[in-house]
Engineer: 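I'd like to ask you about the structure that follows.
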Amino acid sequence: MRKASQKKKLYSIYLKLFASFGPQHWWPAKTPFEVMVGAILTQNTNWANVEKAIAQLKQHKALAPKRIYHLSTSKLARLIKSAGYYNIKTKRLKAFLKFLFDHYRGEPNRMSRVPGQKLRSQFLSINGIGPETADSILLYALQKPLFVIDAYTKRIMARHGFIAEDCSYKDVQNLFMQNLKKEVKLFNEYHALLVRLGKEFCLKKNPKCRICPLK
DNA sequence: GACCAGGCACATC
DNA sequence: GATGTGCATGGT
C-alpha cells in the first residue's frame with residue numbers, strides 16, 4: 001500500500017468509526033491511578049471481569065497508591081481475583097507500585113512532566129509491564145501521544161491488509177504513529193473505537209470472521 | 001465442555 | 001529471533 005493512500009485510509013476509517021459509534025469516553029476510569037491499575041488487570045482479560053476487581057478494590061477503599069502498596073499479597077490477590085491470573089497480577093501491581101514510590105513518591109501526577117519516551121522505557125523495565133500496558137498508561141492516564149496496539153487493533157488491521165498477521169507490536173504502532181498527527185485526543189478515540197469495532201464485529205480469533213462495517 | 005477475553009515473562013531451540 | 005507455554009476467572 002502506498003504511503004499517501006495509507007494515510008488517507010487510516011483517517012477515513014477513523015471518521016467512519018466515529019460516525020457509527022460516536023465518542024467512546026476512554027479510559028473508563030475516574031483517576032489516572034485507576035487507569036494504571038486497570039491497565040495491568042486487563043491483560044488478556046475480559047473488561048467485565050476487571051470491573052468487578054476494581055469494584056472490590058473501591059469497596060475496600062484500596063484503590064489508592066499507598067493502600068495497594070501496603071496491602072498484603074494475599075489480601076490484594078483476594079480482591080482482584082475476578083480479573084483472573086490473580087497471583088501474577090498481584091506481583092505486577094506490587095512491582096508497579098514499588099516503581100511509583102521509588103521514583104515518583106507514590107504520586108502519579110509527578111510523572112506528567114516527564115517526556116513520554118523516557119517514561120515508556122522506565123515502564124518497560126518493570127516486570128509485568130509490556131508495550132501495551134505501558135502505552136495504555138502513557139496515553140490514557142498521562143496524556144502522552146502513544147498509539148496503543150492491542151489484539152483487536154492488530155487483528156483488524158491485518159484483516160484489512162494494512163499489515164501482516166505476524167508483524168510486531170512496533171510495526172503496527174508505526175503504522176499509526178507515522179501516518180497520523182500525534183494528538184492525544186485522536187489516538188485515544190481511535191484506539192477505543194477499534195476496540196469497540198473488535199468487540200462488536202470481529203469478536204473471535206477465528207480468521208474466517210471478516211465482517212467489515214468499514215467498507 | 002469449548003472457546004474467548006483490551007498480555008507478559010520465561011524456557012527452549 | 002521465533003515459537004511454545006503457564007498464568008485463571010467468568011461469560012457465551
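Computation of the quantities below employed the complete heavy-atom set of this structure, encompassing side-chain atoms and omitting hydrogens, waters and symmetry-equivalent molecules. Residue numbers begin at 1 in each chain, while the letters A, B, ... track the order of the sequences.
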Engineer: May I ask you to evaluate whether A/Asn87 reaches the phosphate of C/dA8, defined as a side-chain N or O under 4.0 Å from OP1 or OP2?
Structural biologist: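 It does, given that an N or O in the side chain of A/Asn87 lies less than 4.0 Å from OP1 or OP2 of C/dA8.
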Engineer: When hydrophobic residues are tied together by side-chain contacts of less than 4.5 Å, even through go-betweens, does A/Leu193 share a cluster with A/Met177?
Structural biologist: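 Yes; tracing contacts between hydrophobic side chains, which count when under 4.5 Å, links both residues.
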Engineer: Could you state the CG-C1' distance from A/Asn46 to B/dA2, rounded to the nearest angstrom?
Structural biologist: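 Rounded to the whole Å, the gap is 16 Å.
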Engineer: Would you classify A/Asp166 as touching base, sugar-phosphate or nothing, given that sugar-phosphate means primed atoms plus P, OP1 and OP2, and contacts are heavy atoms under 4.0 Å?
Structural biologist: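 Counting heavy atoms under 4.0 Å across all strands, no contact is made by A/Asp166.
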Engineer: Looking at C/dC7, I'd like to know if its phosphate oxygens (OP1 or OP2) sit under 4.0 Å from a side-chain N or O belonging to A/Tyr86.
Structural biologist: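 Negative; the distance criterion is not met.
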Engineer: Write down the distance between CG (A/Leu41) and P (C/dA8), rounded to a whole number of angstrom.
Structural biologist: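 After rounding, the gap between these two atoms is 13 Å.
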Engineer: Looking only at the side chains, is there a donor atom on one of A/Asn87 and A/Thr90 sitting less than 3.5 Å from an acceptor on the other?
Structural biologist: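 Short answer, no.
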Engineer: Checking all strands, does A/Ala151 fall into the base, sugar-phosphate, or nothing category for heavy-atom contacts under 4.0 angstrom?
Structural biologist: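 Touches sugar-phosphate only.
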Engineer: Please report the distance, rounded to the nearest Å, between CG in A/Asn44 and P in C/dG4.
Structural biologist: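 It works out to 17 Å between those atoms.
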Engineer: In whole Å, what is the span from the CG atom of A/Asn49 to the P atom of B/dG7?
Structural biologist: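 After rounding, the gap between these two atoms is 13 Å.
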Engineer: Tell me the interatomic distance from A/Trp47, atom CH2, to B/dG7, atom C1', rounded to whole angstroms.
Structural biologist: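 For the pair A/Trp47 CH2 and B/dG7 C1', the rounded distance is 14 Å.
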Engineer: Whole angstrom is fine here: how far is it from CD in A/Gln56 over to P in C/dG10?
Structural biologist: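 In whole Å, C/dG10 P and A/Gln56 CD are 10 Å from each other.
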Engineer: So A/Asp150, base contact, sugar-phosphate only, or nothing? Heavy-atom distance under 4.0 Å.
Structural biologist: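 Result for A/Asp150 = sugar-phosphate.
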Engineer: Hey, does A/Lys52 reach any base, or is it just sugar-phosphate, or nothing, if we go heavy atoms under 4.0 Å?
Structural biologist: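 Contact class for A/Lys52: sugar-phosphate only.
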Engineer: So A/Ser121 and A/Gln117, side chain to side chain contact (heavy atoms under 4.5 Å, CB included) or not? Walk me through it.
Structural biologist: CA-CA 6 Å; A/Ser121 56; A/Gln117 287 299 340; over 6 Å; no
Engineer: Between A/Glu34 and A/Trp27, does a side chain to side chain contact (heavy atoms under 4.5 Å, CB included) hold up when you go through it step by step?
Structural biologist: CA-CA 9 Å; A/Glu34 189 177 329; A/Trp27 185 284; over 6 Å; no
Engineer: If I take atom CZ in residue A/Arg196 and atom P in nucleotide B/dA5, what distance separates them, rounded to the nearest angstrom?
Structural biologist: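 The distance from CZ of A/Arg196 to P of B/dA5 comes to 17 Å, rounded to the nearest Å.
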Engineer: Would you say the side-chain atoms of A/Gln6 and A/Lys9 include a donor-acceptor pair closer than 3.5 Å?
Structural biologist: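 Absent: no donor and acceptor within the cut-off.
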Engineer: Given A/Tyr190, which of A/Tyr11, A/Phe176, A/Phe18 fulfils the side-chain contact (heavy atoms from CB on, under 4.5 Å) condition?
Structural biologist: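 Only one option passes, and that is A/Phe176.
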Engineer: Can you establish whether the number of heavy atoms outside A/Lys182 located under 6.0 Å from its atom NZ is more than 12?
Structural biologist: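 Correct, the count exceeds 12.
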Engineer: From NZ of A/Lys91 over to C1' of C/dG6, roughly how many Å is that when rounded to an integer?
Structural biologist: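 Taking atom C1' of C/dG6 as the reference, NZ of A/Lys91 is at 12 Å.
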Engineer: When you check the phosphate oxygens OP1 and OP2 of B/dA5, does a side-chain N or O of A/Arg155 lie under 4.0 Å from one of them?
Structural biologist: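 For A/Arg155, the contact criterion (side-chain N or O under 4.0 Å from OP1 or OP2 of B/dA5) is met.
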Engineer: Output one letter per nucleotide in nucleotides 8-13 of chain B: B when a protein non-hydrogen atom lies under 4.0 Å from the base, S when only the sugar-phosphate is that close, - when neither is.
Structural biologist: BSS---
Engineer: Expressed as a whole number of Å, how far does the C1' atom of C/dT3 sit from that of B/dA5?
Structural biologist: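 About 22 Å, rounded to a whole number of Å.
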